[in-house]
Amino acid sequence: MKRFLKIAAIAIVAVGLLALGGSYGASYYYTSQLGQGCAGCHEMGGYVSAVHGSLHQKVGCMECHEASMGTKLRHMRVHFLGTPPETIRLRDKDVLAMASNCRKCHQHEYANWHAGPHSATYSQIFADSTHNSKRRMMEDCFRCHGMHFDGSVRDLVQPQNLQGPWHLIRSDLADQPTMPCQTCHQVHKEGTPQAKPATRISVAGTAGNDSLALFDRREKIHFAAASLAIPHLLEGARPVKMNQDARQAICYQCHAPRGSEAGSVAAANHWGPQVGSGDDRTPIGVHEGLSCVSCHFGHNENARASCKTCHPQMSHCGLDVEKMDTTYASASSQHNIHWVKCADCHQHGVPKMKAVAPAKAQVVPTTPGMDG
Amino acid sequence: MQSKNKAVALTRRQFVAAGVLGGAALAVGCKSGNQGNWDFLSDGQARTLAAICDQIVPADEFPSASQAGVLTYIDRQLFRHYRRHRDVYREGLEHANELSRKRFAKDLAEATPAQQLEIVSALEKEERPFFDLVRRHTMEGYYGSPRHGGNRDAVSWRMLGLDEPPVRGRAQYDMRKGATS
């Protein structure tokens, strides 16, 4: 019996030491040659090859990916059992861990994102009693919030009713973002490293960013921004002039219009999706034709400095547009900045255009945070 | 004390020997895998298969089969659900290259598009089971769900006029009024 115990003890210690040594050895191996070590396992070959053709081609795997002992042992088990999944993807906690790794290099973008509404946490979104007392949570919530969560809404929040009180079953996610970097960025996306653009605001065209892509929860893959649809919206029966900036196609996936309400004029006339319905904020009126990112700066979506992009050069009345009675100046204004029209104030007719400053370029120099 | 040491020494030897054997087995196991960019295909086989698939779905205003990720789809399936077709692919791809070398003195992947079409047409007559299999898998990869590696960015669905993912407002339920969408 003693002999058996000794053998068992030695075996356990040896396995532990081998695993520990192997783990550190593997860490060194994996960090070498920008991922060639990882590509030694053929399951990873395609992914390593993809990142070598991407914006992050000069970044080693482990600068972004977590590689704890548990992860390595899990990878080894899958490798030797020959049971790799068809598509190797990150678990929810891997995605969240990666966000802090993104921060190491993209500090400015991370800070902007963190200060904006898209860094809302699981607690803020899923334990909001104001929302939860009016609407039941459902799987569709995950389409835009917590799209990387591994499980159903019942695995995240309980109770599933309108009475509450609600609590997160996965309490470790409470302070974690529901829309981390990989919601809108595909790190392995093809492309070449980019220099910072000289100008960051576009009112006319698209500033390319090869990493922009939407993570689709159903397919569990990213769709490139350029492949996403920009809807054809109507204002009543009138087609709205839509900006074709591919970047905003990602915005439309969540800030989306809805079908016509039953019993509405639009539904009775078989009109298509209406501008301003649902979560849509497509500009009409004086701002019709602008892209979302013409005003909302990259990672924090702050539009407070955006007026100067075009005004006063493009002002029709010479007034300080920032002080006009719109939701830009005051959230309680009746005139939503997305849909404000000249006739909203000039109800007895729009006066003739006053003399304005000479036209200047519509694109102004760098504004922080507009590279996403 | 002596007997204890003896027992320990013997076990250690056995353990080390087992460790060496195990390590060697693992190393051999790792080396026997495909070291290229694919799960099953070699890089050469992938180039040949790309030439064939791109004659079945060539590029126009939409991407060709290989551009849309069909090779990724086929490779993944040959490594998993379509293992039974491995031999057909190995032999078929080799035969395709042989035909190309015989007629044009170069591998199929190096041939011109017109020459590739000629070889693929010949395969359709001479290697019908292989050709039918590749055509079927090409269609699956090009038109199937992007989650399986093909139909990159749902390109074939857009070709058919389907937006993927669709633009749709959130499903809103006001429980005091019932479903409103």
Value rounded to 0.5 Å, distance of CD in A:Q186 from CG in B:D153: 7.5 Å

B:R76 side, atom CZ; A:T87 side, atom OG1 - distance, nearest 0.5 Å: 4.0 Å

Portion of B:Q77 that has a non-hydrogen atom of chain A nearer than 4.5 angstrom: side chain

Over 12 foreign heavy atoms within 6.0 Å of CZ, A:R154: no

More than 12 heavy atoms of other groups within 6.0 Å of A:H131 NE2: yes

Closest non-hydrogen atom pair between A:Q253 and B:V167, with its separation: NE2-CG2, 4.0 Å

Minimum heavy-atom distance between A:L228 and B:E164, given as atom pair plus value: CD2-O, 4.1 Å

Close approach to chain A in residues 132-148 of chain B, criterion heavy atom under 4.5 Å: B:S145, B:P146, B:R147, B:H148

Any residue meeting side-chain contact (heavy atoms from CB on, under 4.5 Å) with A:I230, in chain and number order, not counting sequence neighbours: A:M242, A:Q244, A:Q248, A:A249, A:Y252

Polar side chain donor-acceptor pair, A:S227 to B:R152, under 3.5 angstrom: no

Any donor-acceptor pair under 3.5 Å from B:R80 side chain to A:P85 backbone: yes

Chain B interface, residue from A:K220, A:E219, A:H255 that has the most non-hydrogen pairs under 4.5 Å: A:E219

Interface residue of largest heavy-atom contact number with chain B, from A:R89, A:M44, A:R218, under 4.5 Å: A:R218

Minimum side-chain heavy-atom gap B:R168-A:P273 below 4.5 Å: no

